[in-house]
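Take a look at the structure set out below.
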Amino acid sequence: MVSLPGVDLPVATVWTEAGVVTQRVADAAERAGHVFAVDPTSAEASCIGGNIAMNAGGKKAVLWGTALDNPASWRMAVTPQAQWLEVVRLNHNLGKIHDVELASFELRTFAADGKTLVSTERLDIPGRVFRKEGLGKDVTDKFLAGLPGIQKEGCDGLITSARWIVHRMPAHTRTVCLEFFGNAKDAVPSIVEIKDFMFAEAKRPGGAILAGLEHLDDRYLKAVGYATKSKRGGLPKMVLVGDIAGDDADAVARATSEVIRIANSRSGEGFVAVSADARKKFWLDRKRSAAISKHTNAFKINEDVVIPLPRMGEYTEGIERINIELSLRNKLAMVDALEAFFVAGNLPLGKSDDAGEIASAELLEDRVQQALAVLREVRSLWQQWMANLDVVQAETGRTVFADLQDHTLRASWKTQIRSALQSIFAGAALEPIVAECQRIHDRVLKGRVWVALHMHAGDGNVHTNIPVNSDNYEMLQTAHEAVGRIMALARSLGGVISGEHGIGITKLEFLSDEELAGFTDYKRRVDPEGRFNKGKLLRGGEIRADLTNAYTPSFGLMGHESLIMQQSDIGQIADSVKDCLRCGKCKPVCATPCRAPTCCTARATRSSPPRC
């Protein structure tokens, strides 16, 4: 417990250096009976300095905020002469920073010895400045009224340490898992209803609180191998997992029952876990977010946006629209590839003991024409759907998009094409033709781009995952096009293009010059020589800060370079890591002696081998 400036009572805190892994800080806080609020999905791999520089959050942000809300102070190296800057929060409200009318900070500059005070400066910032109104997170404002370090992505100094406030978890916690089987657009409003109810509940004396609420969509559930708890069978359209906590066990039980009732009213079913082990199992699928890219050797484009919760249904609908269009495009490309196969001729034929089973040239040509007729008919139908997604059909009174969304209409390889080809090319001698068609389908399908969502539902921070194959240039370009549509969709709904992942080089193109102007002026003032992350988050300089000059193993394995993966040991390495969940457990425990008590969670096990 320490005294903080302007806070009447001592406050529980944890001090860490910048390189400490987030989960180890959380573990240290838990051992002391407290909760560390910052818990991104990457907690086992991310570090404290990065959490501050990116303003990281997690499922607990709905209750205690992000890395912007929780530091009591942090220290940075800010000049080539090794001057130090310590930023101290004054009158900390021990809660979300945007709730205060005025947030105050003292900026203390120290000499190279880190002890000699050179100057002090007070920074007062209206609380409303920190986040766009109606949003739980927003890291697009890089200027942030000139507050050093936080959200700056390392562009104004090197964060070296921080002191964080930690929180007390109430005595009783229940975890709910809510499975929704109706239309996603109809189910999503339950997020707002649950949040509104729980926030009202928290204001009552002794009321329960919502300590976390996470959302998983159906594509995500399928990718991670989700096991449905409902007896209905089949995957839910949406799942919410949340923690309801309080010091009054009866209040927690009542709140849990009401949350399940809300889910029931939206075609949902609720399941409750009380014991620690059962609660951990409920949260397990949320931690397996990287498994969504298993089929693409663990590579995915993972963009996060923040959407006002009342408009989350519209965002979900927009993503469904993007997915349906991408699916139809992929299927039409498959039809084109099959047509090219048949037009080229030289079809593979199998061996047969009965010469009569081998089709004559004339008969084979007739069957090819039948196959081409099927392909062209199906293509025409799918193209019609694609071009008329918003057209209301007279016979149903519904749009083509709505019918595709609930599978009333279905673009199906199996029923519309493969079954017809199997009938046309029946018999052992012609079986290789159907087999080759299957291989063509599988090859084209591998390049299909699709979007899956999981979200920190309490604050509208949506993680939009697009698995891609790094050696498929066309797939990467399609994914990049989808990202552009996703960013435009988020903005159109009053949201922002990042809630915790930052801007970096991939999102700079989606920020306007006006949005960057404040940070650009700040950067010129505090780092005129551009020594920290030179060129980053800036436009018009000698270094392009976007994807123009980007080269990584993932984006760079194009053309002939992809052969390296196939014909060397690197390919075996890729296979060995394709199921990686990026949990961070294979990181070796730090072997560098230090005085920081939170540097290593298991100091006694330093000699243990890395775990994976």
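Side chains included, hydrogens not; waters and symmetry mates left out as well; all remaining heavy atoms used.
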Heavy-atom side-chain proximity of [X] to [Y] below 4.5 angstrom:
X      : Y      : answer
Met54  : Val139 : no
Leu235 : Thr228 : yes
Phe271 : Ile260 : no
Thr464 : Asn302 : no
Thr316 : Lys185 : no
Asp218 : Tyr226 : no
Arg219 : Val451 : no
Ser419 : Lys414 : no

To the nearest 0.5 Å, how far apart are [atom1] in [X] and [atom2] in [Y]?
X      : Y      : atom1 : atom2 : result
Ile505 : Glu509 : CD1   : CD    : 10.5 Å
Thr66  : Asn51  : OG1   : CG    : 10.0 Å
Ser267 : Arg232 : OG    : CZ    : 6.5 Å
Leu338 : Met334 : CG    : CE    : 6.0 Å
Asp27  : Phe36  : CG    : CZ    : 11.5 Å

Restricting to non-hydrogen atoms, name the atom on [X] and the atom on [Y] that form the minimum distance, rounded to 0.1 Å.
X      : Y      : result
Ala208 : Ala251 : CB-O, 4.0 Å
Cys47  : Gly19  : SG-O, 3.5 Å
Lys60  : Ala37  : CB-O, 3.5 Å
Ala255 : Ile244 : CB-CG2, 4.0 Å
Val468 : Met475 : CA-CE, 3.7 Å
Val259 : Met198 : CG2-SD, 4.0 Å

Under the 3.5 angstrom rule, does the side chain of [X] hit a backbone N or O of [Y] as a donor-acceptor pair?
X      : Y      : value
Gln23  : Ala45  : no
Asp243 : Leu210 : no
Lys96  : Val62  : yes
Asn55  : Leu68  : yes
Glu179 : Glu269 : no
Asn70  : Ala67  : no
Asp304 : Gly499 : yes
Ser327 : Ile324 : no
Gln151 : Ala53  : no
His480 : Thr478 : no

I'd like to know if [X] pairs up with [Y] as an ion pair, taking the criterion as any Lys NZ or Arg NE/NH1/NH2 lying under 4.0 Å from an Asp or Glu carboxylate oxygen.
X      : Y      : value
Asp138 : Arg131 : no
Glu481 : Arg329 : yes
Arg398 : Asp403 : yes
Arg311 : Glu317 : no
Glu320 : Lys237 : yes

Please report the C-alpha distance between Asp39 and Lys59 in whole Å, then the side-chain angles of each, then the deciding distance to 0.1 Å, and finally whether the side chain to side chain contact (heavy atoms under 4.5 Å, CB included) criterion is met. CA-CA 7 Å; Asp39 67 333; Lys59 68 183 179 69; 3.1 Å; yes
Test side chain to side chain contact (heavy atoms under 4.5 Å, CB included) applied to Leu476 and Asn472, step by step: CA-CA 6 Å; Leu476 284 167; Asn472 188 328; 6.0 Å; no
Is it true that the side chains of His463 and Glu303 contain a donor and an acceptor less than 3.5 Å apart? no
Check: Arg279/Thr175 side-chain N/O donor and acceptor closer than 3.5 Å: yes
Could you walk me through whether Thr140 and Lys507 pass the side chain to side chain contact (heavy atoms under 4.5 Å, CB included) check? CA-CA 10 Å; Thr140 59; Lys507 286 188 176 179; over 6 Å; no
Think Lys229 forms a cation-pi with Phe282, using NZ or CZ under 6.0 Å from the six-ring centre and within 45 degrees of its axis? yes
As a quick check of understanding, evaluate side chain to side chain contact (heavy atoms under 4.5 Å, CB included) for Val21 and Arg24, giving each step before the final call. CA-CA 6 Å; Val21 175; Arg24 294 176 184 174; 4.1 Å; yes
Can the ring centres of His215 and His456 be said to be less than 6.0 Å apart? no
Would you say [X] has more than 12 foreign heavy atoms packed within less than 6.0 Å of its [atom1]?
X      : atom1 : answer
Arg410 : CZ    : no
Gln438 : CD    : yes
Gln477 : CD    : yes

Aromatic ring pairing His167/Trp64, orientation class (parallel under 30°, perpendicular over 60°, tilted between): parallel
Pick from Leu240, Asp186, Val239: which one makes a side chain to side chain contact (heavy atoms under 4.5 Å, CB included) with Phe180? Leu240
Only one of Val188, Ile307, Leu309 passes side chain to side chain contact (heavy atoms under 4.5 Å, CB included) with Tyr315, and that residue is Ile307
